[in-house]
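In what follows, chains are A, B, ... by sequence order, proteins preceding strands, each numbered from 1. This structure is a prediction, so every number in the text was calculated from the model and none was measured.
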Protein chains: 4
Amino acid sequence: MEFKDNKSIALQIADNLSEKIIEGNIQIEGRIPSVRELAAEMGVNPNTIMRSYAELQNKNIISNQRGIGYFVNKDAKKIIMEGRRNEFFAHNLPELVRQMDLLDISYEELKASIHSLQNNHTGKAGAN
Amino acid sequence: MEFKDNKSIALQIADNLSEKIIEGNIQIEGRIPSVRELAAEMGVNPNTIMRSYAELQNKNIISNQRGIGYFVNKDAKKIIMEGRRNEFFAHNLPELVRQMDLLDISYEELKASIHSLQNNHTGKAGAN
Amino acid sequence: MEFKDNKSIALQIADNLSEKIIEGNIQIEGRIPSVRELAAEMGVNPNTIMRSYAELQNKNIISNQRGIGYFVNKDAKKIIMEGRRNEFFAHNLPELVRQMDLLDISYEELKASIHSLQNNHTGKAGAN
Amino acid sequence: MEFKDNKSIALQIADNLSEKIIEGNIQIEGRIPSVRELAAEMGVNPNTIMRSYAELQNKNIISNQRGIGYFVNKDAKKIIMEGRRNEFFAHNLPELVRQMDLLDISYEELKASIHSLQNNHTGKAGAN
DNA sequence: GTGGTCTAGACCACC
DNA sequence: GTGGTCTAGACCACA
């Protein structure tokens, strides 16, 4: 995994885990890797993973069972989805509109670009 | 002007000037405020403005005339627009699509939200 | 290290590092000294080193790993050499030729002077 | 005339005048334009020309006759040529050699480049 | 007056 | 420990 530099590595890893959860790539109520395991796998400092897990715990996405490990909460998916949708409609979308306005990008252009992007995904989003 | 904390003040000021240029609120080939002037006006340190101007200068958006001040380049608008459009189509839009995918947001839903945003916008300025 | 006064200290340090890289005195993909370290060693302010490193970073010669330090990029040598060769053939050499023209210096004279320079050079290190 | 930004405008103008003198484009013992005239022609501040002339006066290249104007000294050409040749052999050339060394540029390459540059001048330097 | 550079020192987030 | 940013203040060259 490569990291951007406009966001902390810890948060990027937390986001990454969140996405795996809503994509179904991590089992609900399943155990996630230990701090050390994941740190080794990602090539980062265990402290960093600690902060990622703390963040997720904070949002009630995962829980810690002492001495055993971290587990995905039952309603993790719902929490993540809601959080992201709020974020999307409250911030991303208005910013998008502002940019379109500023850059003279029409909705036709937007629509076309979106569809062409989605068709590249083929299979995942293509049928919509 | 208020500053966000996820981006340096210097860059926010640079972006702000860029937007004023493409909106036509700063004259092409016109002089922009001196480093000290703008610093005073914005309530920041002159060094910070220096960094803003340095950023714009090495994007070829402004130029310096020694001992006189900074001036907006002739093709500043073109450079800014191109830069932002590239950014938009290369990063913002793909990320948008990825989010739509992830959050199960259809284009129809997107369109509706955009329109409601626009109505609020024009409503605020128009209906009063 | 002594500094000339026709170029900023920050840039002189950046150039100095570049030369060490193409001479092989700094390992490709190796870590370079931390900002504070080099600042202490050179007897300058850390901010000055920051500007040196920033310069090298946006020429893609070095990269930052957050919280760890700066590292020399894999193709740093190539980038530096290309940059300098371009500079050499596009500016230094034409200026040289212009001077030769202006000062009535023939290629033969140039050649002789170069050879005498080289002999002094090797003489110093060799003949003693 | 366009100015570079690594040297003061005053010095660039002084150099420019020096070159015109050794090229024969300004008459030995002739009058050169008044400070105000040249300032207007060059689009710079008269103070700047003042400093150019002061510099040349300092080197005994021109002299001031009070109330009349500035005149080119009899041995101006000799002074300029000597100064420049010293500069050339003491600084430019060693730096050139250092660059060639660093950039792995051979003398054959240098020679070829010089000749191709000189042939582009055709007429002025071509017959040498 | 203009910008350019540097210092000193602070505070922050991050690893 | 690492870099990143900002402030405050100084000094300089230049127009």
(message) If the condition is salt bridge (Lys or Arg N to Asp or Glu O under 4.0 Å), which residues does A/K7 pass it with, not counting sequence neighbours?
(response)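 A/D15.
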Using modelled atom types only, decide if a donor and an acceptor are shared between the side chain of [X] and the backbone of [Y] within a distance under 3.5 Å.
X	Y	result
D/Q65	D/Y70	no
B/Q57	B/A54	no
A/R51	A/P46	no
B/N45	B/N47	yes

Protein and nucleotides 12-15 of chain E: nitrogen or oxygen contacts under 3.5 angstrom:
residue: E/dC14; atom: O3'; partner: C/R66; partner atom: NH2; Å: 3.3
residue: E/dC15; atom: OP1; partner: A/I9; partner atom: N; Å: 3.3

(message) Between B/L17 and B/V72, is there a side-chain heavy-atom distance shorter than 4.5 Å?
(response) no
(request) Go through DNA chain F in 5' to 3' direction and return only the first and the last nucleotide with some atom under 4.0 Å of chain B's heavy atoms. (result) F/dT5 to F/dA15
(request) Nearest-nucleotide wise, let me know which of B/Q65 and C/P46 is further upstream toward the 5' end of DNA chain E. (result) B/Q65
(request) Classify the nucleic acid contact of C/Y70 as base, sugar-phosphate or nothing, counting any heavy atom under 4.0 Å across all strands shown. (result)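 Answer is sugar-phosphate: C/Y70 comes under 4.0 Å of backbone atoms only.
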(request) For DNA chain E, produce a single dot-bracket line, 5' to 3'. Pairs: Watson-Crick or G-U wobble, both distances under 3.5 Å. Symbols: ( ) within strand, [ ] crossing, | other strand, . unpaired. (result) ||||||||||||||.
(message) Nearest 0.5 Å, please: how far is OG in D/S18 from CD in D/E23?
(response) 10.5 Å
Below 3.5 Å, can you tabulate the donor-acceptor pairs from side chains in residues 89-97 of chain A to any protein atom, sequence neighbours excluded?
residue: A/H91; atom: ND1; partner: A/E87; partner atom: OE1; Å: 3.3
residue: A/E95; atom: OE1; partner: A/R98; partner atom: NE; Å: 3.3
residue: A/E95; atom: OE2; partner: A/Q99; partner atom: NE2; Å: 3.1

(request) Might you point out which heavy atoms bring A/R84 and B/L103 nearest each other, and give the distance in Å? (result)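 Smallest interatomic distance, heavy atoms only, reads CB-CD2, 3.5 Å.
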(request) Applying ring pair (Phe, Tyr, Trp, His ring centres under 6.0 Å), name anything that partners C/F71, two or more places apart in sequence or on another chain. (result) none
